[in-house]
Enquirer: 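The structure is given below, and queries will be raised subsequently.
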Amino acid sequence: QKEVEQNSGPLSVPEGAIASLNCTYSDRGSQSFFWYRQYSGKSPELIMFIYSNGDKEDGRFTAQLNKASQYVSLLIRDSQPSDSATYLCAVNNQGAQKLVFGQGTRLTINP
Amino acid sequence: KAGVTQTPRYLIKTRGQQVTLSCSPISGHRSVSWYQQTPGQGLQFLFEYFSETQRNKGNFPGRFSGRQFSNSRSEMNVSTLELGDSALYLCASSLVWGGNTEAFFGQGTRLTVV
């Protein structure tokens with residue numbers, strides 16, 4: 001079992017709709033959770049982080065964390081073509097700066 | 001505020017050679033981590049430095065090494081390059097070590113081994 005799992009996609013969503021990206025992790029000791037966006041040929045860009053159970057909203061983005069189910073998700077409201085990218089889920093365990101990444105979900109927003 | 005700076009951006013090396021990559025973290029950040037990204041394996045943790053000390057190491061052979069200087073700048077070195085070392089090498093900068101703290105990536109160094 002991989003430590004962090006994501007559906008590789010591609011996930012295709014019409015413009016203006018809600019894109020839902022999911023991630024599960026295996027280490028119950030995981031403490032912090034991150035979503036990065038990576039455009040083709042570019043480096044990962046941090047878009048959301050969440051440390052506590054529940055929802056965290058930032059503009060069009062909402063991160064959701066359920067530690068009991070070992071599940072973290074990212075919702076993108078009012079999806080735009082510029083949101084088309086690969087979204088990487090990362091989990092920080094061991095209390096150190098060691099991020100474990102999922103394989104990423106490729107998201108395409110169709111105009 | 002300047003971001004994370006990695007140099008060089010691109011490198012082409014021959015098998016058997018060695019290479020040194022450089023990373024300057026965000027001003028005030030003291031933790032630097034290195035990652036390798038390949039299409040097959042995704043993003044994998046190499047090692048992390050804080051206060052000039054390696055705090056954590058990933059599952060990579062000893063050919064991969066690094067260090068951090070007193071100004072928090074970091075270098076990583078790969079010796080005896082193999083074709084499989086071709087990858088995007090990313091450096092991430094964090095304010096502190098451990099706990100809940102965000103990591104910000106540089107633009108990366110794309111290494112091609114021929």
Side-chain angles (χ1 to χ4, degrees), chain A residues 1-10 23-25 27 29-54 56 58 61 63 65 67 72 74 85-106, chain B residues 3-7 9-10 21 23 25-26 29-51 53-60 66 68 72 74 87-110:
Chain A
Q1 181 190 7
K2 292 184 180 177
E3 292 185 70
V4 179
E5 295 208 47
Q6 295 180 254
N7 187 324
S8 62
C23 172
T24 58
Y25 59 95
D27 186 349
S30 299
Q31 300 177 342
S32 43
F33 308 85
F34 305 87
W35 285 98
Y36 286 85
R37 176 175 63 197
Q38 187 172 26
Y39 293 113
S40 181
K42 302 293 186 182
S43 64
E45 173 192 9
L46 179 64
I47 54 171
M48 287 290 289
F49 57 91
I50 186 166
Y51 305 139
S52 304
N53 273 331
K56 179 182 178 182
D58 184 1
F61 298 96
L65 174 61
K67 288 188 177 181
V72 59
L74 178 70
T86 296
Y87 288 80
L88 297 160
C89 172
V91 174
N92 187 350
N93 51 19
Q94 299 182 22
Q97 286 312 103
K98 176 187 175 182
L99 292 174
V100 180
F101 283 85
Q103 285 292 96
T105 297
R106 190 155 54 94
Chain B
V4 182
T5 303
Q6 290 189 246
T7 57
R9 292 291 308 280
Y10 303 93
L21 313 181
C23 171
I26 294 170
H29 284 200
R30 297 173 60 196
S31 173
V32 173
S33 303
W34 289 90
Y35 293 82
Q36 180 196 66
Q37 187 174 33
T38 59
Q41 298 298 317
L43 263 160
Q44 292 186 291
F45 173 80
L46 280 157
F47 28 66
E48 180 219 347
Y49 287 87
F50 179 78
S51 291
T53 302
Q54 188 180 89
R55 302 286 176 160
N56 216 335
K57 190 176 190 304
N59 296 324
F60 280 82
Q68 186 180 35
S72 295
S74 177
L88 179 65
Y89 290 88
L90 292 158
C91 162
S93 161
S94 300
L95 187 61
V96 293
W97 177 73
N100 294 335
T101 181
E102 301 85 62
F104 300 91
F105 284 92
Q107 292 304 302
T109 295
R110 185 163 297 280

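A note on names: the letters A, B, ... follow the listed sequences, proteins ahead of strands, and every chain is numbered from 1.
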Enquirer: What part of B:Gln41 is in contact with chain A, defined as an atom under 4.5 angstrom from a non-hydrogen atom: side chain, backbone, both or neither?
Expert: backbone
Enquirer: May I ask you to decide if the ring planes of B:His29 and B:Phe104 are parallel, tilted or perpendicular, using 30° and 60° as cut-offs?
Expert: tilted
Enquirer: Counting only heavy atoms not in A:Lys42, do more than 12 fall under 6.0 Å of its NZ?
Expert: no
Enquirer: With side chain to side chain contact (heavy atoms under 4.5 Å, CB included) as the test, would you mind laying out the steps for A:Tyr51 and A:Phe34 before giving the verdict?
Expert: CA-CA 9 Å; A:Tyr51 305 139; A:Phe34 305 87; 4.0 Å; yes
Enquirer: What part of A:Phe33 gets closer than 4.5 Å to chain B, counting heavy atoms only: side chain, backbone, both or neither?
Expert: neither
Enquirer: Against chain A, label B:Leu43 side chain, backbone, both or neither, depending on which of its atoms sit under 4.5 Å from a heavy atom there.
Expert: both
Enquirer: Answer yes when B:Arg55 and B:Glu48 have at least one side-chain N-carboxylate O distance shorter than 4.0 Å, and no when they do not.
Expert: no
